[in-house]
Amino acid sequence: MKRTKIKDALSMSGDNRKILIMGWVRNKRASKNLAFLAVNDGSCLHHLQVVIDFDHFDNHILDDVHTGASVAVEGKLSTSQGTGQNVELQAEDFRLLGKADPNEYPLQPKRHSLEFLREIAHLRFRTNLFGAVTRVRHAMIFAVHKFFNDKGFYNIHSPIITGSDAEGAGEMFQVTTLDLNKPPKTKDGVIDYSKDFFGKQTNLTVSGQLEAELAALAMSEVYTFGPTFRAENSNTVRHLAEFWMIEPEMAFYDINDNMDLAEEMLKYLVRYALDNCIDDLKFLEQRRTNEEKQKPQNERSAMSLLERLEFVVASDFKRITYTEAIDILIESKPNKKKKFNYPVESWGTDLQSEHERFLVEKHFKTPVIITDYPKDIKAFYMKMNEDNKTVRAMDVLFPQIGEIIGGSQREENYDMLTKRMKDMDVPEKEMWWFLETRKFGTVPHSGYGLGFERLLLFVTGLNNIRDVIPFPRTPKNAEF
RNA sequence: UCCUCCUUAGCUCAGUUGGUUUAGAGCACCUGACUGUUAAUCAGGGGGUCCUAGGUUCAAGUCCUAGAGGGGGAGCCA
């Protein structure tokens, strides 16, 4: 008999049809004549209740069946006599596929701390929480491709191993096949990378943007969605050494078109989660509400998870310039009362997390897009404004997580771009291929980067980025 | 990298100003009871390198020093 997925079984009527299910036992409740197994196969959040009637089975058939064991059960799908589920499976044939010794198996039918689950990342898929996160993550991956595909964008696989440090976005992981114990040296005593695999020093990519620009300046509208790597020693709830980034790059878009696309995309993705993952989101919402009950009233969120997601889809993102943001911050209550750790005094300094949070959560109470930052605090490739002081950068700020998107209109003028590179000590020579796009048929273009895991933090309501990626890579941690 | 907090049973946690037996509870596990349970319930049982290494003391889970691991915050950013 062909296996029926539990998600499908739960949507059938209890008409005593015969089905076969396979999955992992989450919980066993046994009494003298009957036992109930909650079985989950990952196809959905909910379990299928399997009923074992000891009139038909040996009394010891469940002796080795504990939480975590894998089973195959054939039987009749019937209307449940108990409350709590519509249908249940009356077992007729029961097979234990794999035991899970309860003296060793770490998961139990109870709440575990997220810290503990991180230490058993190989098993945490078997919890309701990570099942939900995994399904939401998948749906969002799919939604990203669907959004861009439906708009006529082409997906570009940018290289994972690169020979350039794209934007000075951070420390890079070196890729080498040289023997680190005795690397070849030149006459000057420095490591001879001409002997390395690629004949030069190479690294893992920190961004696919520059390559995406090359493609956009021929294909018009492209996007990358791949892993990026940063060897920064960042120990926070919103940084990973290996994370996934979505980077659209569009020819003929100015910064306003860029903002329109970013806003439309974020709303589309959140809407997609609401439309396709409602069971998992409700579970995540409940989890978050329970967690917040432990907190004092004033630290709890004003909105539930679903309310917040609906709110973002419905609201217009507030668009202001950096200069306007500084004016608001200088005049703000917390600044005047010296409540900020970093007081806002003058134009030109970068905005701190606490300032961004104030603007989003207290002042505007809606997602905010800040544009036209001072040129000195932004990357070399961003287009200079007429004032010669600011660049056409845009950062999208979300409640709770802060910066979710960073982007800009790109500098398409060859002379201006090379001047900026000189000013900011970017090695022009290594970037010859990037500069040629400005020599041959250059056009105005724009793009941005979205940290996929940060979006997932927002959608799932979790606080720690290590809990929205299956195998987090952080400083001192690559166990799984 | 900086600041700060934490580490006691498989898990979640108590453990008073350092001092009374053999360091406790709930869950999990084992045994028994129970005719439909919902993280079942009831009774009983087994289970400990109190993170590691030093030190103070008549006496250390508790105090001190160092180290390891983890959490939260900051910076860098996505």
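Within every chain, numbering begins at 1; the chains are lettered A, B, ... in the order of the sequence lines, protein sequences first and strands thereafter.
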Study note, to complete from the structure: Comparing Gln352(A) with Pro475(A), nearest RNA chain B nucleotide closer to 5' gives the residue Pro475(A)

Review point. Glu403(A) near the nucleic acid: base, sugar-phosphate alone, or nothing, with a heavy-atom cut-off under 4.0 Å?
Key: sugar-phosphate

Review point. Taking OP1 and OP2 of rC30(B), is either one under 4.0 Å from a side-chain nitrogen or oxygen of His66(A)?
Key: yes

Review point. Hey, what do you get for NZ (Lys282(A)) to OG1 (Thr289(A)), rounding to the nearest 0.5 Å?
Key: 13.0 Å

**Study point:** Base rC77(B) paired with Arg454(A) side chain (donor-acceptor, <3.5 Å)
**Key:** yes

Practice item. Report yes or no: is there a donor-acceptor pair, N or O only, under 3.5 Å between the side chain of His112(A) and the base of rC11(B)? Key: no

Practice item. With the side chain of Lys32(A) defined as its heavy atoms from C-beta on, choose the nearest nucleotide among rG75(B), rC34(B), rC11(B). Key: rC34(B)

Check your understanding: Are Phe243(A) and the base of rA78(B) stacked, counting only ring centres nearer than 5.5 Å and planes tilted under 30°?
Key -> yes

**Study point:** hbond_proxy Ser234(A) side chain to rC76(B) base (donor-acceptor, 3.5 Å cutoff)
**Key:** yes

**Study point:** Contact under 4.0 Å: Ser353(A) side-chain N or O vs rG75(B) OP1/OP2
**Key:** yes

Point to revise | Earlier contact from the 5' end, RNA chain B, for Asp395(A) and Arg357(A) | key: Arg357(A)

Exercise for review: Name the nucleic acid region contacted by Asn103(A), choosing base, sugar-phosphate or nothing; use a 4.0 angstrom heavy-atom cut-off, strictly under.
Suggested key: sugar-phosphate

Check your understanding: Any side-chain heavy atom of Tyr322(A) sitting closer than 4.5 Å to one from Ile326(A)?
Key -> yes

Practice item. Ignoring backbone atoms, establish whether Arg118(A) has a side-chain N or O less than 4.0 Å from OP1 or OP2 of rG71(B). Key: yes

Point to revise | Counter-base of rU62(B), judged by Watson-Crick or G-U geometry with both distances under 3.5 Å | key: none

Review point. Taking only side-chain nitrogens and oxygens of Arg466(A), does any of them come within less than 4.0 Å of OP1 or OP2 of rG71(B)?
Key: yes

Review point. Taking atom C1' of rG75(B) as reference, at what distance in whole Å does atom CG of Leu351(A) sit?
Key: 15 Å

Check your understanding: Does a side-chain N or O from Asn235(A) land closer than 4.0 Å to OP1 or OP2 of rA74(B), or not?
Key -> no

Exercise for review: Indicate yes or no for a side-chain donor-acceptor contact from Asn290(A) to the backbone of Arg287(A) under 3.5 Å, with no hydrogens or angles considered.
Suggested key: no

Review point. Rounded to the Å, how far apart are Lys378(A) NZ and rC77(B) C1'?
Key: 9 Å

